[in-house]
Amino acid sequence: MAVSVASLTSSLSSLSFSSQVSYKSNCLSFRRPRLISVSHVAKVSPLVVSATVASPEGVETADLTKYVKSRLPGGFAAQTIFGTGRRKSAIARVVLQEGTGKVIINYRDAKEYLQGNPLWLQYVKVPLVTLGYEGSYDVFVKAHGGGLSGQAQAISLGIARALLKVSEDHRTPLRKEGLLTRDSRVVERKKAGLKKARKAPQFSKR
């Protein structure tokens, strides 16, 4: 046992320990990936669309304006077959000329101007249909004031009055249909203290 301990101590003394400590950190380093440049990328050019849309209404209005001025030299007041109609607050000056039955209101086609309303179009055509002249005269109208309903009825009265200048014999059939009567009904004015012309606010006793 003594031999073994002595051999152990001699072996331990022969060992030499180095006091140098390495401070080199064991870090993992990663390489950055190289950027891949793709030179064969298809370049998409932006699509530019330029379209010019012609406004048919503007062109048509300009053509109708020239047409009316060519048909009415000197303006509306210089024509012979002329009539003025009124309804509510609308006033219509009407000129009749021999033609094919065109109706032009404020340099626009009657169907377009009256928004295709069949009742308003009927107001305009009733005097001509009554006498059978729906395809014999062209109607040129300048209307202002009120709404389209009042203007349509004012045009009807203006056409009926213009037809009297064509022949006085037209008075009887037009009068029979009530087309020569000026409808004098207008909107009643609002009164002070009331909500409308006659509608009063709700009564409260207390």
Side-chain angles (χ1 to χ4, degrees), residues 53-190 196-197:
V53 181
S55 57
E57 295 182 359
V59 174
E60 186 178 352
T61 303
D63 292 343
L64 283 177
T65 302
K66 293 179 182 178
Y67 174 74
V68 172
K69 289 182 178 180
S70 64
R71 290 288 302 272
L72 306 178
F76 278 71
Q79 309 307 313
T80 55
I81 307 177
F82 183 85
T84 302
R86 294 179 178 85
R87 175 72 176 98
K88 298 179 182 179
S89 58
I91 302 174
R93 292 179 291 169
V94 181
V95 170
L96 295 183
Q97 281 194 355
E98 293 185 359
T100 59
K102 293 181 181 178
V103 181
I104 299 175
I105 306 172
N106 291 345
Y107 305 107
R108 292 165 63 186
D109 183 67
K111 188 173 183 180
E112 178 194 348
Y113 184 82
L114 298 176
Q115 300 177 357
N117 190 304
L119 181 61
W120 298 341
L121 290 170
Q122 184 181 356
Y123 285 149
V124 174
K125 295 179 180 178
V126 161
L128 295 172
V129 173
T130 301
L131 300 175
Y133 289 154
E134 59 269 19
S136 303
Y137 287 96
D138 289 339
V139 183
F140 302 95
V141 183
K142 267 191 178 180
H144 66 276
L148 294 179
S149 175
Q151 288 183 7
Q153 296 178 55
I155 293 169
S156 176
L157 179 59
I159 294 174
R161 288 178 174 176
L163 287 171
L164 292 180
K165 297 185 178 180
V166 175
S167 174
E168 193 64 28
D169 297 337
H170 297 157
R171 183 177 296 274
T172 301
L174 291 174
R175 176 71 66 186
K176 186 177 180 181
E177 296 294 329
L179 299 174
L180 293 175
T181 302
R182 200 294 200 197
D183 194 345
S184 60
R185 294 176 297 171
V186 294
V187 177
E188 188 177 349
R189 78 171 189 87
K190 182 185 179 301
K196 292 172 62 177

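Side-chain contact check for Y107 versus K142: some heavy-atom pair is nearer than 4.5 Å. For the pair V124/V141, no side-chain contact is recorded, criterion being any heavy-atom separation below 4.5 Å from C-beta on. Inter-residue side-chain proximity for K165 and Q79 is flagged as unmet; no heavy-atom pair is nearer than 4.5 Å. No side-chain heavy atom of S70 sits under 4.5 Å from any side-chain heavy atom of K66. Residues L163 and L128 are in side-chain contact: their nearest non-hydrogen atoms beyond the backbone lie under 4.5 Å apart. In this structure the side chain of L72 reaches within 4.5 angstrom of the side chain of Q97, judged on heavy atoms. Looking at heavy atoms from C-beta onward, I104 lies in side-chain contact with Y67 at the 4.5 angstrom threshold. Annotation: side chain of K125 is not in contact with side chain of E134 (no heavy-atom distance under 4.5 Å).
Using a distance-only test at 3.5 Å, with no hydrogens or angles considered, no donor-acceptor pair links the side chain of N106 to the main chain of R108.
Nearest heavy atoms, R161 versus L180: N-CD2, 4.3 Å. The two residues G145 and A90 come nearest to each other via the heavy atoms O-CB, 3.3 Å. Closest heavy-atom contact between I105 and A110: CD1-CB, 3.9 Å. Residues D138 and K102 approach most closely at OD1-N, 2.9 Å, considering heavy atoms. Residues T130 and V126 approach most closely at OG1-O, 2.7 Å, considering heavy atoms. Listed here is the closest heavy atom pair of L179 and P127: CD1-CA, 3.7 Å.
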- Message: Let's go through R182 and L157 carefully: what are the C-alpha distance in whole Å and the side-chain angles of both, what is the deciding distance for side-chain contact (heavy atoms from CB on, under 4.5 Å) to 0.1 Å, and is it a yes or a no?
- Response: CA-CA 7 Å; R182 200 294 200 197; L157 179 59; 3.8 Å; yes
- Show the numbers, then the answer: is there a side-chain contact (heavy atoms from CB on, under 4.5 Å) between V68 and R71? CA-CA 5 Å; V68 172; R71 290 288 302 272; 5.8 Å; no
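Residue I155 holds its CD1 atom at 11.5 Å from CH2 of W120, rounded to the nearest 0.5 Å. The CG atom of L114 sits 5.0 Å away from atom CG of L121, with the distance rounded to the nearest 0.5 Å. A distance of 14.5 Å separates CZ of R93 from CZ of F140, quoted to the nearest 0.5 Å. If you take OG on S149 and CG on L119, they are separated by 7.0 Å, rounding to the nearest 0.5 Å. Here the OG1-CZ distance, from T172 to R175, works out to 9.5 Å after rounding to the nearest 0.5 Å.
Shown are I159, D109, V139; of these, the side-chain contact (heavy atoms from CB on, under 4.5 Å) with V103 is made only by V139. Screening I81, T80, L131 against V166 for a side-chain contact (heavy atoms from CB on, under 4.5 Å) leaves a single residue, I81.
With salt bridges taken as basic N to acidic carboxylate O contacts below 4.0 Å, one links D183 and R185.
When the shell of 6.0 Å around CD of E98 is examined, it contains 12 or fewer heavy atoms from other residues, nucleotides or ligands. Applying the 6.0 Å contact sphere to NZ of K69 captures no more than 12 heavy atoms from other residues, nucleotides or ligands.
For R189, the side-chain hydrogen bond (donor to acceptor under 3.5 Å, both in side chains) criterion is met by no residue, not counting sequence neighbours.
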